[in-house]
Amino acid sequence: MIRPSTLYKETLRQKTQIEKDFSAVKLAFSQFPDKFQDFTLQEFAHAYGLVTSRAWESSKGVSLIPFADFFNHDGTSESYVLSDETLKHTEVIADRDFALGEEVRIRYGKFSNATLLLDFGFTVSCNSYDQVRFELNIPHNDRLYKQKLEILDRHFTRSVKDVNVFNSSWNSFTIKEVPGGSRRRRKGVPQSLRAFGRILTCDSEQELNDLVTEAAQNDGRLARFPLKNRGSEIKAHRLLIFEISRLIEEYNNYIKLVVPSCSNLCGESVLRWRLAQELLTGEVRVLESASAWLENYCSAL
């Protein structure tokens, strides 16, 4: 159900890692049969999930804090957990006055639904931290394939670490939701993605050279300012619109696939369907906002 999302591949990757960890642990435990009982992969995966979904990460490492892991998540909460290792004391500082019996929630982090689902097993409706990892590739039959790779290698800058990003690569870009009505050109689709689009749409070595020259005349970034050639600038961004629209269509096709069968679902299946729906529709919302921003950008040129 979630195949279009990056979460699909990341789930498979994590599943493989758990299986590798299980094999290593089982081998070690087998050396002490009198101290450790036999256990299955399913039991190990369950224990793995219990720990990773409750662990707290800080500058000093990862730890488990009993009772603090009882707090549920609220993406808008400003309540936070304070720990004093010297006094071995932990407390939650509330962000407002709470009525007697009212639940106090904390924010686990500014996590997308993909991260929440993978690490904690739930999603939230209309998650403002949703984002999509978007990939582009230079076709191997592109006659300028080598030159384009060289330019990307020379100008590529890794983005700042993001808690929502799984395994990223040089041709992978994180798209976050663009607020409706945003008119600021530089506060929309990532510059790195737009730079990639400009390189992809170059049809000659001269165009590539002009692109690099314009970047050098500014601050070295390939998408810091619009290209002087309006036609080339629109062409690059139209390519991104096309690729994003194609991905949106793929998402919508998967969403439609699960809808007709929902009347036959029950119990755990209903929950899985709802989680998949919230994940995919949230990421479609992000993609649609990016597409709208690109359309507005092209219209304003």
Side-chain angles (χ1 to χ4, degrees), residues 1-19 45 49 53 73 75 108-139 162-169 171-180 188-190 193 196-197 200 237-295:
M1 286 192 292
I2 63 170
R3 191 177 293 270
S5 174
T6 304
L7 180 59
Y8 177 75
K9 290 183 179 179
E10 182 62 21
T11 301
L12 295 180
R13 188 199 66 79
Q14 189 172 104
K15 181 175 180 291
T16 299
Q17 185 60 51
I18 291 174
E19 291 171 349
S53 65
H73 169 78
Y108 294 173
K110 297 180 179 181
F111 296 144
S112 66
N113 272 341
T115 298
L116 289 175
L117 188 53
L118 180 68
D119 292 345
F120 305 103
F122 67 86
T123 57
V124 295
S125 179
C126 299
N127 189 343
S128 60
Y129 301 113
D130 272 335
Q131 56 188 43
V132 177
R133 197 176 77 187
F134 183 72
E135 293 186 359
L136 280 178
N137 291 290
I138 302 174
D162 191 313
V163 294
N164 290 292
V165 174
F166 300 131
N167 291 324
S168 187
S169 59
N171 65 329
S172 177
F173 310 90
T174 299
I175 300 178
K176 299 183 180 181
E177 185 170 9
V178 184
V189 176
L193 173 57
F196 201 107
L200 273 179
H237 288 75
R238 284 292 171 193
L239 170 68
L240 298 182
I241 292 172
F242 173 80
E243 293 295 338
I244 290 175
S245 297
R246 181 188 58 77
L247 188 55
I248 290 173
E249 183 178 1
E250 182 181 356
Y251 267 84
N252 286 331
N253 287 337
Y254 270 88
I255 292 173
K256 291 175 183 177
L257 283 176
V258 298
V259 171
S261 59
C262 66
S263 60
N264 301 322
L265 300 178
C266 61
E268 186 176 323
S269 297
V270 173
L271 174 60
R272 293 189 178 208
W273 175 81
R274 182 182 61 77
L275 293 174
Q277 283 283 101
E278 289 190 343
L279 171 71
L280 297 181
T281 54
E283 294 188 356
V284 166
R285 187 183 70 252
V286 172
L287 291 170
E288 288 177 340
S289 75
S291 179
W293 186 90
L294 288 167
E295 288 283 3

A.B. asks: With a 4.5 Å heavy-atom cut-off, do Arg133 and Glu135 have their side chains touching?
C.D. replies: yes
A.B. asks: Which heavy-atom pair separates Leu280 from Met1 by the least distance, and what is that distance?
C.D. replies: CD1-O, 3.1 Å
A.B. asks: Between Tyr108 and His73, what is the shortest heavy-atom contact and its length?
C.D. replies: N-ND1, 3.1 Å
A.B. asks: Mind checking whether Phe196 and Ile138 have side chains closer than 4.5 Å, heavy atoms only?
C.D. replies: yes
A.B. asks: Would a distance-only check, ignoring hydrogens and angles, find a side-chain to backbone donor-acceptor pair under 3.5 Å from Ser291 to Leu287?
C.D. replies: no
A.B. asks: Check side chain to side chain contact (heavy atoms under 4.5 Å, CB included) between Thr281 and all other residues, then give those that pass, not counting sequence neighbours.
C.D. replies: Ile255
A.B. asks: Does the side chain of Ile244 come within less than 4.5 Å of Ile175's, by heavy atoms?
C.D. replies: yes
A.B. asks: Would Glu288 and Arg285 pass as an ion pair if we require N to O under 4.0 Å?
C.D. replies: no
A.B. asks: Side-chain contact, heavy-atom cut-off 4.5 Å: Thr6 with Val132?
C.D. replies: no
A.B. asks: For residues Thr123 and Arg274, determine if any side-chain heavy atom of one lies less than 4.5 Å from a side-chain heavy atom of the other.
C.D. replies: yes
A.B. asks: So, Arg238 and Glu295, do they make that salt bridge, N to O below 4.0 Å?
C.D. replies: yes
A.B. asks: When you measure from the side chain of Asp130 to the backbone N and O of Glu283, does any donor-acceptor pair fall under 3.5 Å?
C.D. replies: no
A.B. asks: Indicate yes or no: does Glu249 engage Arg246 in a salt bridge with an N to O separation below 4.0 Å.
C.D. replies: no
